[in-house]
4 protein chains.
Amino acid sequence: MSLNKVILIGNVGKDPDVRYFDSGAAVANFSLATSERGYTLANGTVVPERTEWHNIVVRRDLVPFVEKWVKKGSGVYVEGKIRTRSYDDQTGVKRYVTEIHADRVEFYNTGTRPADGTQQNTNAGVQPIAGQSAQPANTPVNYQQPTSSQSGAFSETSDADDLPF
Amino acid sequence: MSLNKVILIGNVGKDPDVRYFDSGAAVANFSLATSERGYTLANGTVVPERTEWHNIVVRRDLVPFVEKWVKKGSGVYVEGKIRTRSYDDQTGVKRYVTEIHADRVEFYNTGTRPADGTQQNTNAGVQPIAGQSAQPANTPVNYQQPTSSQSGAFSETSDADDLPF
Amino acid sequence: MSLNKVILIGNVGKDPDVRYFDSGAAVANFSLATSERGYTLANGTVVPERTEWHNIVVRRDLVPFVEKWVKKGSGVYVEGKIRTRSYDDQTGVKRYVTEIHADRVEFYNTGTRPADGTQQNTNAGVQPIAGQSAQPANTPVNYQQPTSSQSGAFSETSDADDLPF
Amino acid sequence: MSLNKVILIGNVGKDPDVRYFDSGAAVANFSLATSERGYTLANGTVVPERTEWHNIVVRRDLVPFVEKWVKKGSGVYVEGKIRTRSYDDQTGVKRYVTEIHADRVEFYNTGTRPADGTQQNTNAGVQPIAGQSAQPANTPVNYQQPTSSQSGAFSETSDADDLPF
DNA sequence: TTTT
DNA sequence: TTTT
């Protein structure tokens, strides 16, 4: 009886760190900032804006997408789950890191856009139904998750979407 | 064992319809549009943009907020649940309408802003933690939900049943 | 600037209706009930339990999973988006139906279980990260979505790295 | 442009730690476990069950509810946001802790139940619409969140729910 | 380290 | 009926 669900919309702090392994495994890591507006209380107390940094971890078929499109400053929608892992730092002290293991990453139009002139900035919004991964709007369709449950969404040709109902 | 949760971000189609009753009850209704980008399939098929219209229903303490701030064009974040009700139309035919009963409505900065020059447009983002209702950024804190909408939830009778309180 | 997200946990009303098309497209439909407890207001008014029925629509690679495992009574977790479509009924009257287009369907242990003796009922909980679709716990692994973005989720060993693929 | 949303369903690890301050502030902390089923890969590799522990932080009007009802073993639904804070441990080393700041806590029937014999476990499901916080069914309406950002949520009595539609 |  |  369990649910562990995270939904984030924010901006990427710097270009993702991407690693491919001999085994074929792939991982991308990036930090995502979500911000809460500051405000002033009735009594005059000022509560400043607060930024939260999330460690996003992406694996498998989402990695190439992230590698290609997600950049410092990108406005991104992330769905995934929380995971905390521990490791021993250089001094032998046990450390804990909490990460968001993403099972969906999509572009969100925030007005910001990558410096490269690609068109993801024209996205009208996030399209969760689009599947596990996403591709910038107007991106050549041949960018595609090798076969994801969802990718079908973009790769399918005839089927579902021209169903007679 | 049940969960009925909806999260929407979109734009308001026209000014909300607000009604106050003698009983003190209040209801606001507005339509919210969410859009999916169009895209082109690998085979060249063009799947056009698609807009979905949601009937949002707001009650109780959220109503004054909606009445005051939510306008045609507003970028809004809504959390709530799905509810379908039926009614008989003029011709006696039974009709069904699905609505989203909101328990949270907040401004989302979409670049669009109400024509009145208020400050909700300065919001840096939605702040779900802000509570059941929301108020535009920098709004005097005394704007507050006097009473709430969830309440019903908590006064259960029978089943939960026989809890000693 | 758009988000259209639905998360439901409930019970399936009857065995899904599954259709495969010559085009290769596949669709499964089933109804899902979510319930709210009844309660009594401070003034003594009794608000009875309320059951909401959702029309779930599943496409593509999720269809075989649904066909095989989802049955009347199944406790199910569904993620998707809201979509309303219209059609003309037999009398020529325009009708609207709101459906939840699922991009994730998983078993949830509700104590209810399919009559067939399979083991999905032993699931410890829903595992959204597990992917777009899901498979009952302890199900022979060979049941699997033909390779979805998530499915990888089932193949991991230790952590990120060192993955054998 | 920001969203930081967490939805968890799991079991409480031990009785919450509750503190009230002279200022009137109140905080409750408890750990919540969510579990992923283990599974076996096609190649025979066994991936064991994995339990994730979340640090839940509750404030204001939700505190009395948590203090009274949430116990070790309770099946609980939590909605909130992720927050990471740092502190210096005894040895002067900077540590980070990620917590979930809840703005909604509700009972979920998981079959598990508090040791005290109350019946919250018989709840038919979580009712997110019920509000920012929650209390077991049948609670006298006077149990109420005094007035917090969310709290307002709990004070209404009659209205809305006996609206003529 | 991002954004507004 | 909104927005990009």
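No experiment lies behind these values; they were computed from the predicted model shown. Letters go in sequence order (proteins before strands), and every chain restarts at 1.
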Nearest to side-chain heavy atoms of [X], which nucleotide of [options]:
| X | options | result |
| --- | --- | --- |
| B/Asn11 | F/dT3, F/dT1, E/dT1 | F/dT3 |
| B/Lys14 | E/dT2, F/dT1, E/dT1 | F/dT1 |
| A/Glu49 | F/dT3, E/dT4, F/dT1 | E/dT4 |
| B/Ser31 | E/dT2, F/dT2, F/dT1 | F/dT1 |

- Query: Stacking check: are the rings of B/Trp53 and F/dT1 less than 5.5 Å apart at their centres and under 30 degrees in tilt?
  - Reply: yes
Within this structure, what is the [atom1]-to-[atom2] distance between [X] and [N], rounded to whole angstrom?
| X | N | atom1 | atom2 | value |
| --- | --- | --- | --- | --- |
| A/Glu52 | E/dT4 | CD | C1' | 17 Å |
| A/Asn55 | E/dT1 | CG | P | 15 Å |
| A/Leu8 | E/dT2 | CG | P | 18 Å |
| B/Leu32 | F/dT3 | CG | P | 12 Å |
| A/Arg50 | E/dT1 | CZ | P | 18 Å |
| A/Ile56 | E/dT1 | CD1 | C1' | 13 Å |
| A/Asp17 | E/dT1 | CG | P | 17 Å |
| A/Phe30 | E/dT1 | CZ | P | 18 Å |

- Task: Would you please name every residue forming a salt bridge (charged side-chain N to carboxylate O under 4.0 Å, His left out) with B/Asp15, sequence neighbours left out?
- Result: none
- Query: Looking for any heavy atom pair under 4.0 Å, which part of the strands does B/Thr51 touch: base, sugar-phosphate only, or nothing?
  - Reply: base
- Message: Parallel, tilted or perpendicular, judged at 30° and 60°: which one describes the rings of A/Phe65 and A/Phe107?
- Response: perpendicular
- Message: Considering only residues two or more places apart or on different chains, which pairs with a residue in residues 92-102 of chain C satisfy salt bridge (Lys or Arg N to Asp or Glu O under 4.0 Å)?
- Response: C/Arg85-C/Glu99, C/Asp89-C/Arg95
- Message: Under 3.5 Å, is there a donor on one side chain and an acceptor on the other for B/Glu79 and B/Tyr77?
- Response: yes
- Message: Under a 3.5 Å distance rule, please check whether A/Asp17 uses its side chain to pair with a backbone N or O of A/Asn29 as donor and acceptor.
- Response: no
